[in-house]
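Notes follow the structure.
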2 protein chains.
Amino acid sequence: MTAETDDDTRPATISRVAELAGVSRATVSRVMNGSSTVAPHLAERVRRAAAALNYQPSVLARSLAVGRTTTIALVVPDLANPMFQDVLRSLSHAAATQGHRLLVADSEENVAEEGLIALEARRRCDGLVLCAPRMPDDELAALAPKLAPFVLVNRDAVGLSVPSVTVDYAAGIRDLVSHLQGLGHRRLAYLAGPPTSASNLQRLSTLRGFAAAGRVELVEHECGATFSDGHAVAGRLLDDGCTAVIAYNDLVAFGALSGLHELGVSVPGQISVAGFDDIPFAQYTTPPLTTAAVPPTELGERAWQRLWALLNGEPPPADARFRPRLVVRGSTGPAASANGA
Amino acid sequence: MTAETDDDTRPATISRVAELAGVSRATVSRVMNGSSTVAPHLAERVRRAAAALNYQPSVLARSLAVGRTTTIALVVPDLANPMFQDVLRSLSHAAATQGHRLLVADSEENVAEEGLIALEARRRCDGLVLCAPRMPDDELAALAPKLAPFVLVNRDAVGLSVPSVTVDYAAGIRDLVSHLQGLGHRRLAYLAGPPTSASNLQRLSTLRGFAAAGRVELVEHECGATFSDGHAVAGRLLDDGCTAVIAYNDLVAFGALSGLHELGVSVPGQISVAGFDDIPFAQYTTPPLTTAAVPPTELGERAWQRLWALLNGEPPPADARFRPRLVVRGSTGPAASANGA
DNA sequence: TTGTATGCGTTATCAG
DNA sequence: CTGATAACGCATACAA
């Protein structure tokens, strides 16, 4: 008996288990899935055979047969960004709760290939969560049908029937401005994020609204989204007579804080600084950062909630819009009237 | 002609393309894969048909037929930990370079289920990168054959022939101690990480070695791995006459820094503080943190390099062991002889 | 060069 | 309750 069908190296298949147990593949399948009712003695034989062969059903084959992968994809523009890390973590956690796994794809801010990456990722699983703040509206619209079912995070779906979970940046900015106004600040600077960022635009237009209404004087600084961007702009902050500055996000605020510190500028004594996001380290800077907090786990959880509904053929849930929570810490204080002098 | 086989909603299959193009499925397959040589006019017909039907080959079916998913999995104990976020990002990036996607599974520090999670994740793809610092050696050994091909990150493979990429914590600690000794420190505290952490053990035994050799006096504090852990232990730091403290990691060091600051203790004036890892914010604390840096992208890249070799049936590459780089910043300074007074 | 036939490992339908 | 048998969608020897 020259071994030929024997191949202990390759993983056992359902057929080999069936053969060893002396039953049909269908029966093995039934036993493995706990479904249907199988005669106890047969079930036992199958279990033994499976154990003996160290049989593990092929997820792949099962997915093909069932038409479901129990896997979803997440596409983000930058895995180094704390915000997307939060989305990733909370989404992964939420999906795991329902027995789903997460495939992650980082477009690395490559707007040109973002669409292809999303498409490719989507085709590997059942659904998609898309973070693509810089993708043009028309491209998104064109992609939408091929990406479904999917949900958008941190960006509105123009006219598409795509659920989205977003942050109400306008409200956050309003809270920050009110807070600063209450402290006597009248003239404030905004450290603008990436020009193509949709969320930056929301912040900016809200601020311009305040300015247009004559409630504050606004000085805009082109900046960016990173620590270094904030750090680089610190030197120009005192020149234009602002007593407070709102940064695009916490990272930028950190940079500004650090730059101001190096310049010997007292915060909030001479100038107040506020961020946006409330990333983990915001409470640990010196001084601790006043910011508008978007709950780190909510985004991912809500996204999953909506995607889950879509996967089950339920009607697209209403959009979720989070109002950031104003977190007042030590980096903002009363306007120093002496500052302009 | 009552439509019955018409179903524009479901994705097109290779069969429908073949039918529309008037060729066999095999030919369509050849065209789609660019392989083999197909008559130009036929190829063109196939492409037109594919485009018309918006045909996208099923990744699933292809994977089943070929026996390859071009997907790998990453299992980490905590997605909130900056170190694993770095591994995730760099691994994802490196794998993408070779056209592979990443499936991420967070065991959420649940040591009991870690094995099952790894197994399940592994079965969904071609290979695995495992970060499981707390998993018992025997369990890992038992799991190894079922997880192959896989590579270990930040942990040694006891006696298994499993490639690993690790950090030479002992070397890092030696550098830190030498640095502190050079500043005149003789008695130092160690803020210990989780007792079950293998990397904590490496740090600890290295320090104990120094102490046993009479080169330093060592005071051990049970601590943990988070900011709060470091913060909580700050109050006890001055009591035992240490002039310097080495924290399990940067996070803990941040906490200690913050706690000491609140207590009005000057760093490094009264006590020096050093961390480990050099996570992004280490350079931005006040004072900036002296630490042992492990390059954030190397771990993931090397892990992919090794896994890639394994996937191609090449012999297991040699283990990669990174020697951390000493980064001296403002949080460490000359020992204050007046401290004990 | 092209088509036929078979396999990949499961699930599901439908008789018995 | 069980077992053939046909999908699932694609790739690939093999034959023509």
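This one's a predicted model, so the numbers in the text were calculated from it and none came from an experiment.
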Problem - A/R124 CZ to D/dG9 C1', straight-line distance once rounded to whole Å - result: 16 Å
Handout entry: salt bridge (charged side-chain N to carboxylate O under 4.0 Å, His left out): pairs with one or both residues in residues 88-111 of chain B, sequence neighbours excluded
Key = A/E120-B/R101, B/D86-B/R89, B/E109-B/R134
Completion exercise
By side-chain contact (heavy atoms from CB on, under 4.5 Å), B/R321 pairs with (sequence neighbours left out) B/D156, B/T166, B/D168, B/Q202
Practice task
Would you kindly give the CZ-to-P distance between B/R68 and D/dC10, to the nearest whole Å?
Solution key: 16 Å
Handout entry: Terminal axes of the helix from C/dT1-D/dA16 to C/dG16-D/dC1 (five pairs each): angle between them, nearest 10 degrees
Key = 40°
Practice task
Check side-chain contact (heavy atoms from CB on, under 4.5 Å) between A/N54 and all other residues, then give those that pass, not counting sequence neighbours.
Solution key: B/K146
Exercise for the section: Check side chain to side chain donor-acceptor pair (under 3.5 Å) between A/S199 and all other residues, then give those that pass, not counting sequence neighbours. Expected result: A/S197, A/R203, A/Y248
Problem - Any residue meeting side-chain contact (heavy atoms from CB on, under 4.5 Å) with A/R122, in chain and number order, not counting sequence neighbours - result: A/L128, A/L147, A/P149
Fill in the blank from the handout: Separation of D/dG3 atom P from A/L42 atom CG, nearest Å, is 6 Å
Exercise for the section: For A/R62 and A/T70, test the side chains for any donor-to-acceptor distance below 3.5 angstrom and give the result as yes or no. Expected result: no
Practice task
Could you note down all residue pairs passing side chain to side chain donor-acceptor pair (under 3.5 Å) where residues 295-310 of chain A supplies at least one of them, sequence neighbours left out?
Solution key: none
Exercise for the section: Can you sort out the partners of B/A309 under side-chain contact (heavy atoms from CB on, under 4.5 Å), two or more places apart, ordered by chain and number? Expected result: B/E314, B/P317
Practice task
Would you give a per-nucleotide map of nucleotides 6-16 of chain C, 5' to 3', where B means the base has a protein non-hydrogen atom under 4.0 Å away, S means only the sugar-phosphate does, and - means neither?
Solution key: BBBBBSB----
